[in-house]
Amino acid sequence: MLHKFKKIDYSIVFILVILMVISILSIYSTTFGRPKLEGLTQSAVMYYILGFVVFFGMSMINYKFIIKNYLYIYGVGMLLLIFVMFFGKEYYGAKGWLSIFGVSLQPAELFKLCLIVFLSALLARKKNRPLYFGRDVIPVSLCVLPPLLLVLLQNDLGNALSYVIILVGLLWIGNIKFSHALIGFIIAVAAFVGGIQAYIHYHDEIVKFLKDVGRSHWADRFDPWLVPDQTSRDVLWQTYNAKLAIGSGGISGKGYLEGTTIQSNRVPLAYADSIFVQIGEEFGFVGASVLLLLYFILIHRLVLIALECKDRAGPYLIVGIIAMLLYQIFVNIGPFIGLMPLTGITLPFISSGGTSIMINMISMGIVMSIKVHTEENEDILGSAEQPGITDMVLKLFKRKPTQQEQ
């Protein structure tokens with residue numbers, strides 16, 4: 001056990017400790033003087049303590065055990081997504097939270113990790129052989145479709161899109177053909193540009209449709225980004241004040257607990273989805289840059305561990321986690337500097353939220369497990385001679401004959 005602790009990358013541990021300190025200080029600042037939110041700082045401390053316990057615990061467990069049970073992990077994640085549809089609680093227009101023994105859990109957040117494990121196990125069986133569109137890419141993509149639709153039905157667009165990003169990242173390193181990747185990229189760009197133009201030119205019709213299907217809050221998030229001139233003051237309130245706060249922070253910021261916009265509570269959810277605004281206003285460009293630099297160093301360390309891994313599944317797991325983190329960082333910060341609409345995604349390791357903190361710490365624990373156990377070359381994925389992932393998926397549903405039938 002002691003020799004495993006010696007293999008841990010303590011530079012990552014150091015970065016996580018710094019991110020923890022930033023998170024606790026930021027949450028305290030955004031909840032300072034607000035009696036209803038005073039307990040969030042203590043909760044963040046508790047979740048981080050538990051998170052580090054889980055981090056070191058996961059580091060000691062061979063990650064190949066997780067890969068070996070990828071079907072059960074995917075199945076439990078799907079059951080939670082279905083369960084929350086019937087018994088979940090609704091917050092801010094999204095019905096996606098479960099209360100388990102008094103602890104709030106967001107299955108859509110948890111499923112990101114389940115999906116990474118599931119897709120990594122499937123793709124690792126290919127032994128870096130080229131992925132065929134019909135036999136490999138389509139079946140893998142179809143495995144992502146059910147959870148994607150379930151989360152969209154929960155009104156959680158941000159987490160639903162994260163599943164697509166994870167899929168794209170894993171297909172890319174899964175040796176997808178360049179021609180297929182290029183075609184997919186062209187289609188994605190065309191759909192993105194076409195969607196923006198359609199939203200602007202047919203704004204009223206689209207807003208009416210969204211209201212009819214119960215997704216009017218989606219329009220409230222896209223309007224400040226694409227058609228601010230046609231948007232009400234109430235809808236613009238969050239992004240307008242966020243940009244004002246970040247801009248007023250200047251180079252070095254106004255000082256801790258001195259952010260006038262944050263301390264006057266003019267930015268909704270400043271302790272959660274909008275916590276970057278507090279950093280930008282109170283610590284300025286320097287503080288925001290330091291945070292981004294920490295993210296860069298963390299991801300750089302993850303890439304190095306992936307390159308050093310001798311197992312097939314390890315790099316897939318790490319790239320999936322990197323895709324998840326990059327998506328959350330970009331989607332959380334982007335709206336506050338005018339790059340994209342609000343989607344309600346937490347800032348990794350910084351925002352308040354027990355589920356988010358625990359999922360991120362578990363993810364780092366899995367990465368560390370890969371580093372600790374990378375020299376153990378036991379193949380737990382079985383033969384990779386299957387002609388395609390289609391056959392793997394279909395094989396999962398075939399009943400094994402009993403001894404009498406044999």
Any idea which heavy atoms bring Ile27 and Tyr271 closest together, and the distance? CG1-O, 4.2 Å
In sequence, state the C-alpha distance, the side-chain angles, and the governing distance for Ser356 and Thr346, and then conclude on side chain to side chain donor-acceptor pair (under 3.5 Å). CA-CA 7 Å; Ser356 176; Thr346 56; 3.0 Å; yes
Kindly check if the number of other-residue, nucleotide or ligand heavy atoms within 6.0 Å of CZ (Phe111) is above 12? yes
Please lay out, stage by stage, how Lys7 and His373 fare under the test side chain to side chain donor-acceptor pair (under 3.5 Å). CA-CA 9 Å; Lys7 293 182 179 180; His373 301 94; over 6 Å; no
Nearest heavy-atom contact between Thr355 and Leu105 is OG1-CA, 3.5 Å
Can you find a heavy atom in the side chain of Val140 that is under 4.5 Å from one in the side chain of Leu131? no
Over 60° means perpendicular and under 30° means parallel, so classify the ring planes of His203 and Tyr199, tilted if in between. perpendicular
Can you find a heavy atom in the side chain of Val13 that is under 4.5 Å from one in the side chain of Phe55? yes
To the nearest 0.5 Å, how far apart are CD1 in Ile173 and OG in Ser120? 7.5 Å
When the ring planes of Tyr28 and Phe32 are compared, do they come out parallel, tilted or perpendicular, using 30° and 60° as the limits? tilted
Let's go through Ile22 and Phe349 carefully: what are the C-alpha distance in whole Å and the side-chain angles of both, what is the deciding distance for side-chain contact (heavy atoms from CB on, under 4.5 Å) to 0.1 Å, and is it a yes or a no? CA-CA 9 Å; Ile22 294 173; Phe349 303 104; over 6 Å; no
Below 4.5 Å, heavy atoms only, C-beta onward: do Phe222 and Leu157 meet side chain to side chain? yes
Would you say the side-chain atoms of Thr261 pair up with the backbone N or O of Arg266, donor to acceptor, closer than 3.5 Å? no
Do Pro147 and Tyr74 come within less than 4.5 Å of each other through their side chains, counting heavy atoms only? yes
Distance check, rounded to the nearest 0.5 Å: Leu167 atom CG versus Cys143 atom SG? 9.5 Å
Heavy-atom nearest pair, Ala108 first then Tyr163, reads O-OH, 2.8 Å
Measuring only between side-chain heavy atoms, which start at C-beta, is His300 closer than 4.5 Å to Leu304? yes
Taking Thr231 for its side chain and Leu236 for its backbone only, find out whether a donor-acceptor pair lies under 3.5 Å. no
My understanding is that only residues two or more places apart in sequence, or in another chain, count here; which of them pass ring pair (Phe, Tyr, Trp, His ring centres under 6.0 Å) with Phe14? none
Measure from the side-chain N and O atoms of Tyr327 to the backbone N and O of Gly158, and report whether any donor-acceptor pair falls under 3.5 Å. yes
Side chains of Asn175 and Arg129 in contact at under 4.5 Å (non-hydrogen atoms): no
Neighbour count above 12 (heavy atom, 6.0 Å) for Tyr10 OH: yes
Is the backbone of Ser29 close enough, under 3.5 Å, to the side chain of Gln263 for a donor and an acceptor to pair up by distance? yes
Between the side chains of Lys254 and Glu281, is the shortest nitrogen-to-carboxylate-oxygen separation below 4.0 Å, so that they form an ion pair? yes
Kindly compute the distance separating CD1 (Ile357) from CD1 (Ile350), expressed to the nearest 0.5 Å. 9.0 Å
For the pair Asp273 (side chain) and Asn332 (backbone), establish whether a donor and an acceptor sit closer than 3.5 Å, ignoring hydrogens and angles. no
Among Val84, Asp156, Leu98, whose side-chain contact (heavy atoms from CB on, under 4.5 Å) with Gln106 holds? Asp156
Rounded to the nearest 0.5 Å, what's the gap from CG on Leu325 to OG on Ser162? Could you check? 11.0 Å
Mind listing the closest non-hydrogen atom pair of Thr30 and Ala270 along with its distance? CG2-O, 3.3 Å
When every non-hydrogen atom of Ser26 is compared with those of Gln278, the smallest separation belongs to OG-OE1, 2.9 Å
Return the CH2 to CZ distance between Trp218 and Phe209, rounded to the nearest 0.5 Å. 9.5 Å
Step-by-step side-chain contact (heavy atoms from CB on, under 4.5 Å) determination, Trp225 to Thr239: CA-CA 9 Å; Trp225 180 48; Thr239 53; over 6 Å; no
Quick check: do Ile246 and Phe285 have side-chain heavy atoms less than 4.5 Å from each other? no
Would you say the side chain of Leu119 lies within less than 4.5 Å of the side chain of Val144, judging by non-hydrogen atoms? yes
side-chain contact (heavy atoms from CB on, under 4.5 Å) assessment of Leu113 paired with Ser363: CA-CA 7 Å; Leu113 200 51; Ser363 300; 3.5 Å; yes
Would you name the heavy atoms of Ser351 and Ala272 that are closest together and state the gap between them? OG-O, 2.6 Å
Rounded to the nearest 0.5 Å, what's the gap from CG on Leu302 to CG on Leu317? Could you check? 12.0 Å
Answer yes or no: is there a donor N or O on one side and an acceptor on the other, between the side chain of Arg221 and the main chain of Pro341, under 3.5 Å? no
In sequence, state the C-alpha distance, the side-chain angles, and the governing distance for Leu50 and Met361, and then conclude on side-chain contact (heavy atoms from CB on, under 4.5 Å). CA-CA 9 Å; Leu50 181 60; Met361 294 301 286; over 6 Å; no
